[in-house]
Asker: 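Here you go, one structure.
Throughout, a chain's letter reflects where its sequence line sits, starting with A, and its residues are numbered from 1. These figures come from a predicted structure and were not determined experimentally.
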2 protein chains.
Amino acid sequence: MSRPPTSRDLARLAGVSQATVSRVLTNNPKVNAETRARVLQVLKDANYTPNALARAMKTGRTDTIGVFMTRVTSPFHAELLDEIGRVLSSMGLHMILWNIEHDPEETIAAVVQQRLVDGFLLTSATYDSTLHTMAVTSGTPTVLLHRGIDGLDCDQVVGDNWQGAYDAGQYLVDAGHTDIGLVTLTHTGNTSRDRDLGFRAALADAGVKIKPSNVVSVGVPHADGHAAAEKLLSRKKPPTAIYTVTDLLAFGILDGARAVGARVPDDVWVIGFDNTDMAAWEAFDLTTVEQPVHAIVEAGVDLLRDRITNPDRPTQVVTLPCPLVIRGSTANRR
Amino acid sequence: MSRPPTSRDLARLAGVSQATVSRVLTNNPKVNAETRARVLQVLKDANYTPNALARAMKTGRTDTIGVFMTRVTSPFHAELLDEIGRVLSSMGLHMILWNIEHDPEETIAAVVQQRLVDGFLLTSATYDSTLHTMAVTSGTPTVLLHRGIDGLDCDQVVGDNWQGAYDAGQYLVDAGHTDIGLVTLTHTGNTSRDRDLGFRAALADAGVKIKPSNVVSVGVPHADGHAAAEKLLSRKKPPTAIYTVTDLLAFGILDGARAVGARVPDDVWVIGFDNTDMAAWEAFDLTTVEQPVHAIVEAGVDLLRDRITNPDRPTQVVTLPCPLVIRGSTANRR
DNA sequence: GAGATCTCTGTATACGTATTCATTGTATAC
DNA sequence: GTATACAATGAATACGTATACAGAGATCTC
């Protein structure tokens with residue numbers, strides 16, 4: 001129990017060379033059926049598992065994927081992480097998880113160089129971070145998931161945030177809303193940007209002006225949505241609908257509405273973005289734009305594995321549709 | 001860019017032997033100050049990072065901790081994971097995350113043997129799983145976090161679930177409740193068990209009987225809490241308070257109450273367990289027993305690191321207090 | 001029946017680092 | 001002045017695996 005048995009130990013036990021044991025382990029066809037059977041039996045009896053480090057050092061592959069994420073406690077991110085774990089595991093891959101908030105830049109830079117992983121999944125790329133460029137220039141296979149970077153020569157899988165936001169805007173306009181609140185994020189991801197721009201485009205196309213005072217830029221937490229709602233809804237003439245760029249903010253907005261006594265959807269409609277599991281809870285019953293988490297992760301991991309085996313193929317950007325999911329936080333009242 | 005530079009490459013560049021470069025890297029004092037400076041300069045210029053695999057193979061340490069968790073999307077687990085990531089990262093340790101639901105038993109067994117990690121943090125131990133025994137008998141340093149196993153010879157850090165539950169029960173009894181619902185979990189963790197037993201003990205000590213029909217056993221998801229609440233509250237004479245063993249179930253119960261038109265706390269009080277961030281949201285405003293996540297993780301990682309450097313010290317079980325946090329889902333009405 | 005082909009196995013080596021051992025040069029002691 | 005300690009470095013090796021290479025039988029071809 002002190003030292004795990006090595007392939008050499010087992011070779012001795014089976015009366016063959018270490019090379020033959022290794023051949024059995026790697027399913028090398030050039031090994032006699034009887035020999036293979038005998039070796040397999042010995043391996044099984046000894047409950048042997050190859051040393052992953054030695055194997056990785058020799059083959060250059062670790063069967064491990066590095067995942068960079070932020071704010072795991074955010075419902076959408078948790079769902080994304082869960083899905084990534086599920087998909088990687090189903091392919092026999094391990095996952096090392098780094099949190100962009102916690103891990104200092106130099107740690108990340110070191111990791112990118114270290115070849116600890118066969119590839120990276122970046123889920124939280126922002127324009128003011130250098131992580132994605134470090135990853136890409138390191139030559140390690142990398143896929144941007146969920147958040148993309150326009151023009152970056154790197155595989156990317158993103159939702160069609162712009163179109164989803166556009167649909168949400170159109171839905172509000174079609175329902176007759178003209179005084180509409182917009183709660184956006186201050187940070188610089190492509191998601192929040194497109195979810196902002198697409199929404200504005202829909203309103204502009206319909207000739208609906210959005211008042212500057214109806215636009216609030218906030219941080220990511222629930223409390224910020226709460227504060228934004230209080231600000232918007234405690235005005236003399238509050239907007240009749242509020243759209244925001246994440247479900248988490250929408251939950252905050254719903255809570256803020258509760259706090260100031262505004263009824264949803266009677267007094268104000270609320271629309272979020274992500275369609276997290278929680279959006280379907282009675283407490284929120286939130287109309288929201290769905291992100292196809294499963295499809296995004298599936299496609300992303302496929303791209304990554306493909307690139308690992310085929311590093312020189314041209315990069316690819318996959319965009320997946322984000323359908324509007326209508327629930328009780330909005331209601332056709334026209 | 002194709003092949004990362006090795007210590008041997010840099011040794012040549014610096015005009016020293018590979019051994020000297022290695023000594024510089026490991027802060028070996030037996031190296032001349034000038035030589036060290038020259039080597040460091042070369043390392044820096046080349047932007048060199050040691051190959052983690054080779055280093056791990058030689059030293060037997062990977063600076064990586066394996067974390068086993070389940071249902072990352074559950075709010076409490078997400079918070080726990082986030083905290084674990086923060087603490088490990090602050091100590092320069094990487095984290096490999098496995099999900100007990102997704103990863104098959106044999107994968108886990110292999111991992112435990114592989115020496116891929118310096119130690120394990122198990123956060124979801126249940127009595128009907130064999131994971132913890134596999135980990136412990138493998139000889140790899142292991143700490144049980146959050147969920148413990150009574151009598152297991154293994155370091156453990158858990159909240160005082162029994163006492164927290166007892167306090168919650170006493171609080172309800174003191175407020176005059178006599179018809180109390182209890183929503184428990186069907187699975188076999190020590191957490192749900194103690195949160196059940198402690199609560200019952202408080203009621204028993206106060207001479208309050210708990211009707212069998214008031215006890216519902218469910219699975220973990222929100223929907224199960226929802227269903228349980230509907231069942232309990234749609235009776236002719238529903239209980240005046242419901243206590244449950246996780247916040248997630250409590251959220252479901254609150255939503256179920258909403259669904260059947262029961263007002264909280266006017267018609268029914270609700271108490272959860274965990275004090276997740278969400279419990280403080282207006283939508284729930286949940287009275288709940290706090291789990292000291294930060295302290296649990298901090299203590300657990302300390303124990304783990306201690307055991308890694310000192311494998312033979314006796315095992316230790318740390319129990320941390322779980323205070324009751326009173327919010328709007330209950331109100332003193334006597 | 002001799003040469004050729006094929007199947008199987010063992011020997012030797014490499015991955016990149018940390019570390020033991022031996023060696024050189026320098027300083028110290030007498 | 002030699003003997004000894006010490007500081008600094010290089011050469012060699014080991015971690016455990018995968019694989020190129022070579023060699024030994026066995027089978028086949030004509």
Asker: The side chain of A:Gln18 is closest to which nucleotide in this list: C:dA14, C:dG16, D:dT19?
Answerer: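 When the side chain of A:Gln18 is considered, D:dT19 is the closest of C:dA14, C:dG16, D:dT19.
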
Asker: Is the closest side-chain donor-acceptor distance between A:Thr126 and A:Asp128 under 3.5 Å?
Answerer: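 There is such a pair between these side chains.
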
Asker: What nitrogen or oxygen pairs link the protein and nucleotides 26-28 of chain D at under 3.5 Å?
Answerer:
none

Asker: Considering only C:dA18, D:dG16, C:dG16, which nucleotide approaches the side chain of B:Arg55 most closely?
Answerer: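 Nearest nucleotide to the side chain: C:dA18.
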
Asker: Of the listed nucleotides (D:dT17, D:dT9, C:dT17), which one gets closest to any side-chain atom of B:Thr20?
Answerer: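 Output: D:dT9.
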
Asker: Using the test side chain to side chain contact (heavy atoms under 4.5 Å, CB included), find all partners of A:Val87 that sit at least two apart in sequence or belong to another chain.
Answerer: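 A:Val87: side chain to side chain contact (heavy atoms under 4.5 Å, CB included) contacts with A:Glu83, A:Met91, A:Val297, A:Glu298, A:Val301.
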
Asker: Any idea which of D:dA12, C:dA18, C:dG16 is nearest the B:Ala19 side chain?
Answerer: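 So the nucleotide nearest the side chain must be D:dA12.
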
Asker: Go nucleotide by nucleotide along DNA chain D from the 5' end; which of A:Thr59 and B:Ser17 gets its closest nucleotide reached first?
Answerer: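 Looking at the nearest nucleotide for each, B:Ser17 comes out on the 5' side.
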
Asker: Considering residues at least two apart in sequence or located in another chain, which fulfil the side-chain hydrogen bond (donor to acceptor under 3.5 Å, both in side chains) criterion with B:Asp82?
Answerer: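 By the side-chain hydrogen bond (donor to acceptor under 3.5 Å, both in side chains) rule, B:Asp82 matches A:Asn99.
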
Asker: For residues 78-102 of chain A, which residue pairs qualify under ring pair (Phe, Tyr, Trp, His ring centres under 6.0 Å), counting only residues two or more places apart or in two chains?
Answerer: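 Residue pairs with at least one partner in residues 78-102 of chain A: A:Phe68-A:Trp98, A:His94-B:Trp98, A:Trp98-B:His94.
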
Asker: Would you say the side-chain atoms of B:Asp153 and B:Thr315 include a donor-acceptor pair closer than 3.5 Å?
Answerer: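 Result is yes, a qualifying pair exists.
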
Asker: Looking at every strand, decide which applies to A:Val21 at a 4.0 Å heavy-atom threshold: base, sugar-phosphate, or nothing.
Answerer: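 Touches nothing.
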
Asker: Does anything in residues 4-39 of chain B form a ring pair (Phe, Tyr, Trp, His ring centres under 6.0 Å)? List the pairs, not counting sequence neighbours.
Answerer: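 Every pair satisfying ring pair (Phe, Tyr, Trp, His ring centres under 6.0 Å) with a residue in residues 4-39 of chain B: there are none.
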
Asker: Could you list by number each residue of residues 23-39 of chain B showing a heavy-atom separation from DNA chain D of less than 4.0 Å, or answer none if no residue does?
Answerer: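 Under 4.0 Å from DNA chain D: B:Arg23, B:Lys30, B:Val31, B:Asn32, B:Thr35.
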
